[in-house]
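In listed order, ligands and their atoms are each counted from 1. Here the structure is a predicted model, which is why all the values come from computation and not from measurement.
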Amino acid sequence: MTQAPIIVAGLGGIGSAALAAVARRGVPVIGIDRLEPPHDLGSSHGGSRIIRAAYFEHPDYVPLARDAFQGWERLESETGRRCLERCGVLLTGGPKSEVLRESLSAAARHGIVAEEIEPDDLRRRWPMFDVPDDHRGLFEPDAGFVVPETGVAAHLEVARRHGARILTGLEVRAIEEGEGGPVVICDGRRLEASAVIVTAGAWTRTLLPELSSASLEPQRKVIVWCDSTEGRGSEIDSSRMPAWLIDDEGRFGDGVYYGVPAHAGQVGPSGVKIGFHGPGPAVDPEDVDREIAAEVTARFHRDVSDYLPGLLEPPHEAASCLYTMSLDQHFVIDRVPGRSGVVVAAGFSGHGYKFAPALGERIADLGLGLDAAHDVRFLGMSRFKG
Ligand SMILES: Cc1cc2nc3c(=O)[nH]c(=O)nc-3n(C[C@H](O)[C@H](O)[C@H](O)COP(=O)(O)OP(=O)(O)OC[C@H]3O[C@@H](n4cnc5c(N)ncnc54)[C@H](O)[C@@H]3O)c2cc1C
């Protein structure tokens with residue numbers, strides 16, 4: 001009897017990496033997406049995602065980040081596509097900045113190459129930045145950004161090359177329990193599987209409503225792009241400007257601004273991409289308002305211009321994108337309790353894409369019935385019990 005394939009439901013940032021990881025192992029695998037990835041209606045678009053190893057969110061992510069850097073390089077050599085640019089990442093914050101404190105601690109604990117920088121030195125090395133005198137910096141020179149659209153396309157290319165079947169424009173409606181394993185119900189089709197990996201991003205709750213204890217709340221986020229002011233184009237280029245993150249201790253509400261410099265071969269709009277990592281409005285992923293109010297883009301420009309004085313024109317482009325927030329803002333990667341052969345990888349809470357190649361391997365392990373790797377056990381469902 002031929003072995004039923006593993007089915008990956010959702011081929012965005014994380015699902016495409018999981019599909020490639022399963023396919024590389026020579027196991028029959030089918031990937032399904034309701035849209036045509038890479039697309040701009042989920043969480044994996046906008047031309048760039050910051051990647052760094054000195055992780056303030058939780059030090060247990062550091063080994064995964066290290067593995068992810070290698071995974072991106074491997075993907076580049078497999079496909080010849082450029083996914084990763086190591087322009088460095090500069091974090092800056094005041095004396096009470098948790099982002100700075102926790103990043104410094106992760107760097108020290110894990111021996112990550114990172115420099116602590118005094119404000120005078122920061123202004124001298126990156127003259128486009130002006131920070132208050134009580135701010136410090138942390139510069140991680142090997143960090144930078146990855147390009148999600150290229151990453152998704154590259155992972156799908158590798159998966160295809162290793163024999164994966166990819167079905168796009170097909171929606172998974174339900175996952176049922178069959179006699180020999182889970183059965184995926186799509187429009188007009190019933191597909192038997194040896195295991196199902198659900199990587200449906202903001203739509204995960206629709207397919208697995210029982211995961212409500214983890215929350216998995218879709219939120220709408222805004223990103224904007226700003227060109228440089230006249231004659232200052234070279235200062236916003238990745239050869240001079242690192243990716244950056246500013247934590248001004250509550251001045252911007254409960255969140256931080258971040259930016260990715262302009263760069264050669266940029267995917268999407270030109271200029272510096274700016275986002276705000278913090279709470280956003282909860283949304284139904286089927287009904288997202290894609291209009292962006294002028295006052296929102298103006299606020300991004302005004303807030304950031306205090307740190308990059310006179311450097312940026314007002315935003316010439318804006319877009320929306322979805323976060324899927326878990327209850328504690330850490331990822332949810334596990335077998336689904338009470339369902340045989342179903343694995344979930346969701347709740348990436350606005351910081352998951354950098355890890356895609358590393359997570360793809362660990363999600364593939366779970367799909368193949370292997371034990372969860374020790375470095376992702378902290379992301380399991382058991383933490384939500386009670
Ligand atoms: C503005 C913004 C900035 C971010 N910045 C960073 C950053 O700097 N660094 C970082 O590491 N991360 C960042 N993130 C987070 C990161 O991008 C996400 O964590 C990651 O892309 C999530 O990928 P995903 O595969 O879960 O979701 P998606 O990429 O959205 O993929 C889900 C896929 O599932 C498909 N699907 C859904 N339902 C079904 C169904 N029923 N049947 C078939 N297919 C289905 C969808 O069509 C979609 O293609 C950011 C996110 C946003 C929005």
Self-check item: Sole candidate of Glu176, Glu177, Glu210 that passes salt bridge (Lys or Arg N to Asp or Glu O under 4.0 Å) when paired with Arg339
Solution: Glu210
Quiz item: Counting heavy atoms only, which part of Tyr353 comes closer than 4.0 Å to ligand 1: side chain, backbone, both or neither?
Solution: both
Quiz prompt | Backbone of Val222 reached by a side-chain donor or acceptor of Ser320 within 3.5 Å | solution = no
Exercise. Could you tell me if any non-hydrogen atom of Gly350 lies under 4.0 Å from any atom of ligand 1?
Key: yes
Exercise. Using a strict 4.0 Å cut-off to heavy atoms of Ile223, name the atoms of ligand 1 that fall inside it.
Key: 1 (C)
Quiz item: Under 4.0 Å from ligand 1, counting heavy atoms only, is it the side chain of Thr206, its backbone, both or neither?
Solution: neither
Quiz prompt | Residue Thr199 vicinity, atoms of ligand 1 by number, heavy atom under 4.0 Å | solution = 32 (C), 33 (C), 34 (O)
Quiz prompt | atom 19 (O) of ligand 1: the protein heavy-atom neighbour that sits closest, reported with distance to 0.1 Å | solution = Phe348 CB, 3.0 Å
Quiz item: Numbering the atoms of ligand 1 from 1, which are under 4.0 Å from a heavy atom of Glu171?
Solution: 41 (N), 42 (N)
Quiz item: Under 3.5 Å, is there a donor-acceptor pair between the side chain of Arg362 and the main chain of Ala358?
Solution: yes
Quiz item: When clusters are formed by joining ILVMFWY residues with side-chain heavy atoms under 4.5 Å apart, either directly or through shared neighbours, do Phe139 and Phe129 land in the same one?
Solution: yes
Quiz item: Between Glu76, Glu73, Glu157, which is the residue that forms a salt bridge (Lys or Arg N to Asp or Glu O under 4.0 Å) with Arg81?
Solution: Glu157
Exercise. Kindly identify the option in Ala65, Gly12, Gly201, Ser43 whose heavy atom sits closest to atom 30 (O) of ligand 1.
Key: Ser43
Quiz item: Without hydrogens or angle criteria, can the side chains of Lys354 and Tyr55 be said to hold a donor-acceptor pair below 3.5 Å?
Solution: yes
Exercise. Could you find the nearest protein heavy atom to atom 33 (C) of ligand 1 and give me its residue, atom name and distance?
Key: Asp33 OD2, 3.5 Å
Practice problem: Can you sort out which atoms of ligand 1 are near Tyr323, meaning under 4.0 Å from one of its heavy atoms? | Solution: 2 (C), 50 (C), 51 (C), 52 (C), 53 (C)
Quiz item: What's the shortest distance from atom 53 (C) of ligand 1 to any protein heavy atom, and which residue and atom give it?
Solution: Cys321 SG, 2.5 Å
Quiz item: Which of these, Arg49, Arg220, Arg34, has its nearest heavy atom closest to atom 4 (C) of ligand 1?
Solution: Arg49
Quiz item: In terms of atom number and element, which parts of ligand 1 are under 4.0 angstrom from non-hydrogen atoms of Gly42?
Solution: 30 (O)
Quiz item: Given that the side chain starts at C-beta and the backbone is N, CA, C, O, which of these parts of His39 lies under 4.0 Å from ligand 1, counting heavy atoms, or is it both or neither?
Solution: side chain
Quiz item: With hydrophobic residues grouped by side-chain heavy-atom distances under 4.5 Å, do Leu208 and Val343 end up in a single group?
Solution: no
Quiz item: To which protein heavy atom is atom 34 (O) of ligand 1 closest, and what is the distance rounded to 0.1 Å?
Solution: Gly10 CA, 3.3 Å
Quiz item: How many angstroms lie between atom CD of Glu171 and atom CG of Asp33, to the nearest 0.5 angstrom?
Solution: 9.5 Å
Quiz item: Does Tyr353 have its ring centroid less than 6.0 Å away from the ring centroid of Phe348?
Solution: no
Self-check item: Shared hydrophobic cluster for Phe145 and Met128 (ILVMFWY, side-chain gaps under 4.5 Å)
Solution: no
Quiz prompt | Closest approach of any protein heavy atom to atom 20 (C) of ligand 1, naming residue and atom | solution = Ser44 OG, 3.9 Å
Quiz prompt | Polar contact flag for Ile50 and ligand 1 (N/O pairs, less than 3.5 Å) | solution = yes
Quiz prompt | Nearest-option assignment for atom 40 (C) of ligand 1, heavy atoms, candidates Val172, Val222, Leu322 | solution = Val172
Practice problem: May I ask whether Leu170 has any heavy atom positioned less than 4.0 angstrom from an atom of ligand 1? | Solution: yes
Practice problem: Applying side-chain hydrogen bond (donor to acceptor under 3.5 Å, both in side chains) between Tyr323 and each of His277, His351, Gln329, Lys221, report the one that passes. | Solution: His277
Self-check item: Taking atom 25 (O) of ligand 1 as the reference point, the nearest protein heavy atom with its distance
Solution: Ile14 N, 2.9 Å
Self-check item: Separation of Ile197 CD1 from Leu366 CG (nearest 0.5 Å)
Solution: 8.0 Å
Practice problem: Starting from atom 10 (C) of ligand 1, find the nearest protein heavy-atom neighbour and note its residue, name and distance. | Solution: Lys354 NZ, 3.4 Å
Self-check item: Proximal atoms of ligand 1 relative to Leu35 (non-hydrogen, under 4.0 Å)
Solution: 47 (O)
Practice problem: Enumerate the atoms of ligand 1 whose separation from the nearest heavy atom of Ala200 is less than 4.0 angstrom. | Solution: 32 (C), 34 (O), 37 (C), 38 (N)
Practice problem: Give a yes or no on whether Leu84 and Phe355 share a hydrophobic cluster (residues Ile, Leu, Val, Met, Phe, Trp, Tyr; joining criterion: side-chain heavy atoms under 4.5 Å apart). | Solution: yes
Exercise. Check whether any side-chain N or O of Asp40 sits under 3.5 Å from a backbone N or O of His45 as a donor-acceptor pair, and report yes or no.
Key: no
Practice problem: Under 4.0 Å from a heavy atom of Tyr258: give me the atoms of ligand 1 that qualify, with their elements. | Solution: 1 (C), 2 (C), 3 (C)
